Amino acid sequence: MASDPSSFFLTTPIFYVNDAPHIGHAYTEVAADVLARWHRQAGDDTWFLTGTDEHGQKILRTATANGVAPKEWADRLVESAWKPLLDTIDISNDDFIRTTEARHEQGVAKFLQKLYDDGHVYAGEFEALYCVGCEEFKPKSEIVDGEGAFEGQKVCAIHSKPLELLQEKNYFFKMSAFQDRLLALYEERPGFVQPASARNEVIAFVQQGLEDLSISRTSFDWGVPIPWDSSHVTYVWFDALLNYVTAIGYGQDDAQFGRRWPAHHLVGKDILRFHAVIWPAMLLAAGLEVPDRVFAHGWLLVGGEKMSKSKLTGIAPKEITETFGSDAFRYYFMRAISFGHDGSFSWEDLAARYQAELANGFGNLASRALAMNRKYFDGRVPEASAIADTEAEAAIRDLAATVAARADERVEEFAIHEAIAAVWELVDALNGYITEQEPWRLAKDPEQRERLATVLYTVTEGLRVLAVLLAPVIPQATAKLWAALGAEAALGALAEQPIREAGDWGRLPAGTEQRPLAVLFPRIEAANEAEAAASAERPVLHTAAEADSR
RNA sequence: GGGGCGUUAGCUCAGUCGGUUAGAGCAGCGGACUCAUAAUCCGUCGGUCGCGGGUUCAAGUCCCGCACGCCCUACCA
């Protein structure tokens, strides 16, 4: 169904600007970034979109509390919190859409008008419990049974006062009409919602029956106006979901839209339903293709519980990157957590993996290999010779090819952790190979010169393979390694290396001049580790969004 | 209430359609080595597979019950 087999359009949820950035947001972004970089390096027509969601009553309210207009408030948060977050973790997004941009608002209006014209939208009465204190209709999750004087009544979870049953005129989207088509979609395309556990929940939900969706509000005006009735603004979720098409020119640039759509959506499992039910129903109504895939990832657990700001377990990404660096942040969350499942975060695990895998495993491998080239071959890539070739070299070459193919296969399935694990087999194998071949011993015997060259060529070429395969995950460290290998001059920029050919052996030419390599992952001083560990127990979010009035 | 997921080594997790002595990484312990970031490599210790039944020649895996934890159960942006 994809418009072009090589097109790869990937999205993250857009950030609700009022939130404070924490590692959960960063986690989604990093996963998307790794996938995007991988596909880009594979030569696919890749487009990676992220952005911010800026409408809705909560934002209007915080802006007002801070004495500024909502747009100004959003501007401030985008610049002070969200765009810096992307820099902190080295995100390579191709576009950043804000729901307050004209291109988005125009696209939303166009989409709504089409649905209205085609009879998918009708005016109706929205009836719900309203809290006078909150000045808004309350979702079920914020309604509790009253106690004491209010026994038997429904009360607001925040104010503990009785709620009033109020009505307001709303426009409704006839979502119920799409129930059967959605069920057929899940049936025909088992990979549409992933992983399987998420798919099961979605199917069970839709089978219970779909109601129509209220898509407009009249109680406030911070939103996209309903095109045929300016007294209403668009319900914020309906507005937000449309960013995935308005960003690629829906209704304005058909060429761009045709080239990119449909998308692969990465979402947290909390917002799965919006993406796997409401969103495809909206697209079906508009006569557009449904997404290629909706992939729900899990929660980050801290101390066994879902990380949350209110429980003071929220962690700002900078706390990690300032000690360990952005590469380590990216590597850790991608490697340690099975993508699609919940995963435990701990400072201890982060520090242990940094030390064992990045510093001692990969970093040290690069150091020892380049040091020997420098020492025994004057800093040049040695030349392998067929005469000195043994089964040990063949095993490394085979592994490099196998691992490269398997990693690509796993990335295709969004099994990022498995892709990295596959690549790491080569890291471990090369460390073992060096120890077994004992090049330092070969170096003492002039008659073993060719053997020594062959061994070191094998290791060096292995590093080249690793640099290419790990570039999407740890772009900074691999860039340093690439430069030290001298590969830039011989093969071109690292980001240009075709990743699906990474396992092809013998690319790095003998004689290539190498450069000194700074330690890729320096040991973290124990004092810093202790400090990092201690900070896990403090409230730690310091952003402008702290002014959030809730 | 209904539905779903999970519980496997000290820790974090794999375990396919039921099929040999249940695996990995880390941590621990012992050894080898010196090119390297006191690193690497080898060996080793470690499990009542949450509990109780059942089906089967055979159960971590399938069925029933129970315990504990988490999630969903319509507008959380």
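Chain letters run A, B, ... following the sequence lines, proteins first and then strands; every chain starts at 1. Only a predicted model underlies this, so the values are computations on that prediction, with no experimental measurement involved.
- Distances shorter than 4.0 Å separate some side-chain N or O of A:His341 from OP1 or OP2 on B:A14.
- Residue A:Thr435 places no side-chain N or O under 4.0 Å from the OP1 or OP2 atom of B:C35.
- When each of B:U37, B:G4, B:G25 is scored by its nearest atom to the side-chain atoms of A:Glu201, the top-ranked nucleotide is B:G4.
- Residue A:Ser197 is classed as having no contact, given no heavy-atom separation below 4.0 Å to the nucleic acid.
- A:Phe15 comes within 4.0 angstrom of no nucleic acid atom, judged by non-hydrogen atoms across all strands.
- When the nucleotides B:A38, B:A14, B:U73 are ranked by their closest atom to the side chain of A:Arg523, B:A38 comes out on top.
- Using a 4.0 Å heavy-atom criterion, one finds that A:Leu210 contacts the bases of the nucleic acid, with or without backbone contacts as well.
- Base engagement by A:Ile14 is indicated by at least one non-hydrogen atom pair under 4.0 Å involving a base atom.
- Of the side-chain N and O atoms in A:Asn200, none sit less than 4.0 angstrom from OP1 or OP2 of B:G3.
- Using a 4.0 Å heavy-atom cutoff across all strands shown, A:Ile278 reaches no nucleic acid atom at all.
- Residue A:Gly363 is classed as a base contact, given a heavy-atom separation below 4.0 Å to a base.
- Counting non-hydrogen atoms under 4.0 angstrom, A:Asp53 reaches a base of the nucleic acid.
- For the pair A:Arg449 and A:Tyr376, the cation-pi criterion (under 6.0 Å, within 45° of the ring axis) is not fulfilled.
- The side chain of A:Ala356 approaches B:C26 more closely than any other nucleotide in the set B:U73, B:C35, B:C26.
- Between A:Val455 and A:Tyr433 the shortest heavy-atom distance is CA-OH, 3.3 Å.
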Where do A:His55 and A:Phe238 land on the ring pair (Phe, Tyr, Trp, His ring centres under 6.0 Å) test, with the steps shown first?
-> CA-CA 11 Å; A:His55 288 134; A:Phe238 203 86; over 10 Å; no

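- Relative to the side chain of A:Asp342, the nucleotides B:C35, B:C70, B:U37 differ in distance, and B:C70 lies closest.
- Aromatic ring pairs are classed by plane angle as parallel below 30°, tilted from 30° to 60° and perpendicular above 60°; the pair A:Tyr244 and A:His275 is tilted.
- Salt bridge A:Arg441/A:Asp445: absent, no basic N to carboxylate O contact under 4.0 Å.
- Regarding contacts with the backbone of B:U73, a side-chain N or O of A:Arg273 is found under 4.0 angstrom from either OP1 or OP2.
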